[in-house]
Amino acid sequence: MGSYRSKLSVMMFLNIFIWGAWLPSMSLYLKSLGFNPDWQQPLILGTFNLAALTAMFFSTQFVDRHFAAERFLAFSMVVAGLAIFALKWTTAFWPFFTLMLIHSLFYVPTISITNSIAFANLKDPQHEFGQVRLWGTIGWIAAAWPFVFILADWAQIPAFGSVPIGQWLGKVFGTSKAGAEFTEAASYMFVAAGVASLVLAGFSLTLPHTPPKPAAEGAEKLAWLEAMKLLRVPFVLVLFIVTFIDSAVHQMYFFLTGKYLVEAVGIQANWVNTVMSIGQIAEIGTMAFLGYCLKRMGWRTTMTIGILGHTARFVVFAFYPTPLAAITVNLLHGICYAFFFATVYIFVDEFFPKDARSSAQGLFNFLILGLGPFVGNFAGGQLEAAFTTGTGSAAITDFRKLFLVPAGVALAAAIFLFLFFRPPLRADVTTEKALEDMPEEVH
């Protein structure tokens, strides 16, 4: 089990490294290509979310009942890696959109698949999953930090040794490429993601064998439909609604923060990935203690605190647009992710029937990575347009009013969850049993 756990940790590292290599800077990169924020930027980012819908209805069905998970992971990573690698040389909108869609269709299912592989091979998932999943967070950070140097404007930086080391580092950290030079340097994020995808494809063949679980006789042949039926359980439905809202709010952070850091806070573009990855550093500590927090506080309180983290972060963004405040408040990302999203994954593993567990993960991934972020992308774009005056280089965005909108939405979602989310007190009372206990006319 120890060697399995090490392999699962490497799997998580590589899988999330791929995502972290491109997402933080994607909005700035798309803007540098001249894609508009009204529909082109949201549509490209939305390919990731559309792929979550496909994963729910198709990919996770194979993993559940027809395909060994680790082999499906290997095949998916080859296709996803080649597609995103090609984005390095793609600047026209429709080819860019097509390649991003292909990458997303094969990458997004692997987020559920890697979770399922981990849960299937850990002895005590509730307490061990957080420690394995934190390596995904480390992967995200590892993908972000090199771009401080890749995006630095080396033409303005003196030769190493020609000035004191402190002055040299100040130039490295304080200058950033702009215009076409920024676009060229930032495109290497696709190379990093592509290489990591191909490495994971090969490594997947060394993972523990996770065989398919054929449907029991008389069971629903469509595993996603079986998962959807569980929404008839009230506490699952409440969690489903809140997950959608929180996912949309979470995506607004990624859609808007890069622009906010550069335009309102004054942080250099080469530091955007790094500043946003500070939240992942906090996530490492939070994930390490997630099992303890769940045991002490329970599902509902832990998830509510996670949602309130979004409210606090956006309020600070709105009223304190300074480098110190913007950097410090990103530490709340650890709470936002671990206390809500990671907790949802663990909750699904505990409360859903075993033979539909991967598809149940896919059902919530449809919200966390699909419908919620898809709405969040377009909502973020519309909010940006609504609170921006002027055009081109003269455009000014009122980030204070803008960020108060998602802050208020997150607060409402937290209150709704706290009041109406009532899961069973005992872990052995599953959603399957809850369905059996419901009145016949509700079935």
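Aromatic ring centres of Phe48 and Trp22: separated by under 6.0 Å. Aromatic ring centres of Phe93 and Trp39 lie closer together than 6.0 Å. In summary, the aromatic rings of Phe129 and Tyr345 are positioned with their centroids too far apart to meet the 6.0 Å limit. Aromatic rings from Phe403 and Tyr260 are positioned such that their centres are separated by under 6.0 Å.
Other residues, nucleotides and ligands contribute at most 12 non-hydrogen atoms within 6.0 Å of the CZ atom of Phe418. Residue-environment remark: OH (Tyr188) stays at or below the threshold of 12 foreign heavy atoms within 6.0 Å. Applying the 6.0 Å contact sphere to CG of Leu237 captures more than 12 heavy atoms from other residues, nucleotides or ligands.
Across Asn330 and Met276, no two heavy atoms sit closer than the pair ND2-CA, 4.2 Å.
Salt-bridge annotation for Arg5 and Glu128: present, with a side-chain N of the basic residue lying under 4.0 Å from a carboxylate O of the acidic one. Comment: Glu384 does not engage Lys31 in a salt bridge, judged by the lack of any side-chain N to carboxylate O separation of less than 4.0 angstrom.
Ile307 places none of its side-chain heavy atoms less than 4.5 Å from the side chain of Phe339. Taking 4.5 Å as the limit, some side-chain heavy atom of Leu87 sits within range of a side-chain heavy atom of Phe96. Contact of the Phe203 side chain with the Thr206 side chain is registered, since non-hydrogen atoms from C-beta on lie closer than 4.5 Å.
Scanning for salt bridge (charged side-chain N to carboxylate O under 4.0 Å, His left out) contacts around Arg313 gives an empty result, with sequence neighbours left out.
A donor-acceptor contact shorter than 3.5 Å links the side chain of Asn121 to the backbone of Ile117.
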